[in-house]
Amino acid sequence: MPIADIEQFTHSHHVLDDDGVIFRCSDDQQKWPWLALDPHDPIVVQTVNFWVASGASAARGTLDPTKWTALTQTEWTCGEPGVGHATHGIAEPDGKDGTIGYRLTLFDRDGALVYRMTGTGVVFQNRNFEAWREEKKQAVAEDAAPIEFTYVDGDVVALGDQGVSVLGAIIDGDVPSAPGLITKENGFPPGNPYLSGSGDHVNATHLAEIGRQFASQMADGAVQACHGGEMQFDKFVELSTPFHVTLVPEKSKDDQITVTVHQADRLCATVTLRLG
């Protein structure tokens, strides 16, 4: 997504000789409502991932606000349970073979590790992104089967009093699966104060929450603590169009769950969460 001249989560950037960027993080919960969640909640992890990476690029002078970018892969490991929210860290460039890439390490106010994260992405350099996206959205909407959608109750996906359900009930079968639907109403403020994004498509933060909600529903509504994970993005998941989440049994076990997200018969993303 392009970054406009808006309030940034990171500040006090200092660019090192090797292009690493030292920074500090905001603790303003009014501006960043997701700070009310646990630091290891996948929503928090992926939101921090986006803002830290983009803030470091801006500090280096390598961020072009007129260009659209897309994350293609990300992986993260969390620190020990009970750490505080990240207050500072370092962002290091890690691009390979012409890609854009980064490594992020963040700490809480006591110096305890909160996250180690990596990411790889692409920049849409020479494409009329908005026109291309409108064409793709229309094609997916036409291919997707219509659905009468019913969301599960929040306690089924361990929401407590925070967040909004984005999945339907799990369909029992040889391989468990569940329908999902994210719209402007349930995937963005004010309807959902914890999720956000460009508004063009379902983004990494939404997909991490999809994985968490599926894991909790598989565990009969039990809270599933997450201490790491990885995601691979193959195609955009479109807003306001149903998608399907399917367990990958051969990659899932007691302390890990892997799911794929398909939309209109296209593999869009693979999400793995390490649990426990």
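If you're wondering where the values come from, they're calculated on a predicted model, not measured in any experiment. If you read the sequence from its start, that first residue is 1, and numbering goes on from there.
The hydrophobic cluster containing Phe243 also contains Met218, counting ILVMFWY residues as joined when their side-chain heavy atoms lie under 4.5 angstrom apart, directly or transitively. Val166 is not connected to Val157 by any chain of hydrophobic side-chain contacts under 4.5 Å among Ile, Leu, Val, Met, Phe, Trp and Tyr, and they are in different clusters.
Contact record, Ala169 with Pro179: O-CD, 3.5 Å, taken as the closest heavy-atom pair. The minimum heavy-atom distance between Gln29 and Ala36, with the atom names listed, is NE2-CB, 3.4 Å. Residues Val164 and Gly191 come closest through the heavy atom pair CG2-O, 3.4 Å. Considering all non-hydrogen atoms of both residues, Pro176 and Phe214 come closest at O-CZ, 3.9 Å. Between Gly221 and Ala158 the shortest heavy-atom distance is O-CB, 3.5 Å. Between Thr183 and Tyr151, the shortest heavy-atom distance links the atoms CG2-OH, 4.4 Å.
Residue Asp255 places its CG atom among more than 12 non-hydrogen atoms of other residues, nucleotides or ligands, all under 6.0 Å distant. Heavy atoms of other residues, nucleotides or ligands lying less than 6.0 angstrom from CD of Glu250 number more than 12. More than 12 heavy atoms of other residues, nucleotides or ligands sit less than 6.0 Å from atom CZ of Arg274.
Formation of a donor-acceptor pair under 3.5 Å by the Arg266 side chain with backbone atoms of Lys235 is not found in this model. In this structure, His85 contributes its side chain and Leu37 its backbone to a donor-acceptor pair below 3.5 Å. At least one donor-acceptor pair closer than 3.5 Å links the side chain of Gln256 to the backbone N or O of Lys251. His206 places a side-chain N or O within 3.5 Å of a backbone atom of Gly187 that can act as its donor or acceptor partner. No donor-acceptor pair under 3.5 Å is formed between the side chain of Thr241 and the backbone N or O of Glu238. In this structure, Asp41 contributes its side chain and Ile43 its backbone to a donor-acceptor pair below 3.5 Å. Judged purely by atom type and a 3.5 angstrom limit, Asp110 has no side-chain atom pairing as donor or acceptor with the backbone of Ala112. With hydrogens and angles ignored, the 3.5 Å screen pairs a side-chain donor or acceptor of Ser57 with a backbone N or O of Ala53.
Checked for salt-bridge contact, Asp94 and Arg103 meet the test: a charged N lies under 4.0 Å from a carboxylate O.
Side-chain atoms of Tyr115 and Asn49 include no donor-acceptor pair closer than 3.5 Å. With no hydrogens or angles considered, no side-chain donor-acceptor pair links Asn203 and Ser198 at under 3.5 Å. For Gln8 and Thr10, the side-chain atoms include no donor-acceptor pair closer than 3.5 Å. Side-chain atoms of Ser177 and Thr246 form no donor-acceptor pair, as typed in the model, at a separation below 3.5 Å.
Side chains of Leu267 and Thr260 form a contact here, defined as non-hydrogen atoms less than 4.5 Å apart. Counting heavy atoms from C-beta outward, Gln263 and Val202 have side chains that stay 4.5 Å or more apart. With a 4.5 Å cut-off on side-chain heavy atoms, Val83 and Leu113 do not count as touching. Val21 is not listed as a side-chain neighbour of Ile90, based on a closest heavy-atom distance of 4.5 Å or more. Counting only heavy atoms from C-beta outward, the side chains of Arg109 and Asp27 approach each other to under 4.5 Å. Looking at Ser165 and Val156, their side chains never come closer than 4.5 Å, going by heavy atoms from C-beta outward. Val245 is listed as a side-chain neighbour of Ile210, based on a closest heavy-atom distance under 4.5 Å. Looking at Gln224 and Leu273, their side chains never come closer than 4.5 Å, going by heavy atoms from C-beta outward.
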Output, in order, the C-alpha distance, side-chain angles, deciding distance and verdict of side-chain contact (heavy atoms from CB on, under 4.5 Å) for Trp76 and Arg116. CA-CA 6 Å; Trp76 72 98; Arg116 296 190 193 279; over 6 Å; no
Which is it for Glu230 and Thr74 under the side-chain contact (heavy atoms from CB on, under 4.5 Å) test, yes or no, and what are the steps along the way? CA-CA 6 Å; Glu230 57 185 294; Thr74 186; over 6 Å; no
CA sep, side-chain torsions, deciding dist, call: Val44, Tyr194, side-chain contact (heavy atoms from CB on, under 4.5 Å): CA-CA 8 Å; Val44 180; Tyr194 305 112; over 6 Å; no
From CA spacing to verdict: side-chain contact (heavy atoms from CB on, under 4.5 Å), Thr272, Ile257: CA-CA 6 Å; Thr272 296; Ile257 189 167; over 6 Å; no
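In this structure, Phe9 and Trp32 have perpendicular ring planes: the angle between them is above 60°, well past the 30° mark. Ring orientation note: the planes of Phe23 and His13 are tilted relative to one another, at an angle of 30° to 60°.
Here salt bridge (charged side-chain N to carboxylate O under 4.0 Å, His left out) pairs that include residues 204-221, with residues two or more places apart or in two chains, are Glu209-Arg212.
We find the CE-CG distance between Met231 and Leu71 to be 7.0 Å, quoted to the nearest 0.5 Å. Separation of atoms NE2 (His244) and CG (Asp265) is listed at 10.5 Å; rounding is to 0.5 Å. For the atom pair CD1 of Ile182 and CG of Asn192, the computed distance is 9.0 Å after rounding to the nearest 0.5 Å.
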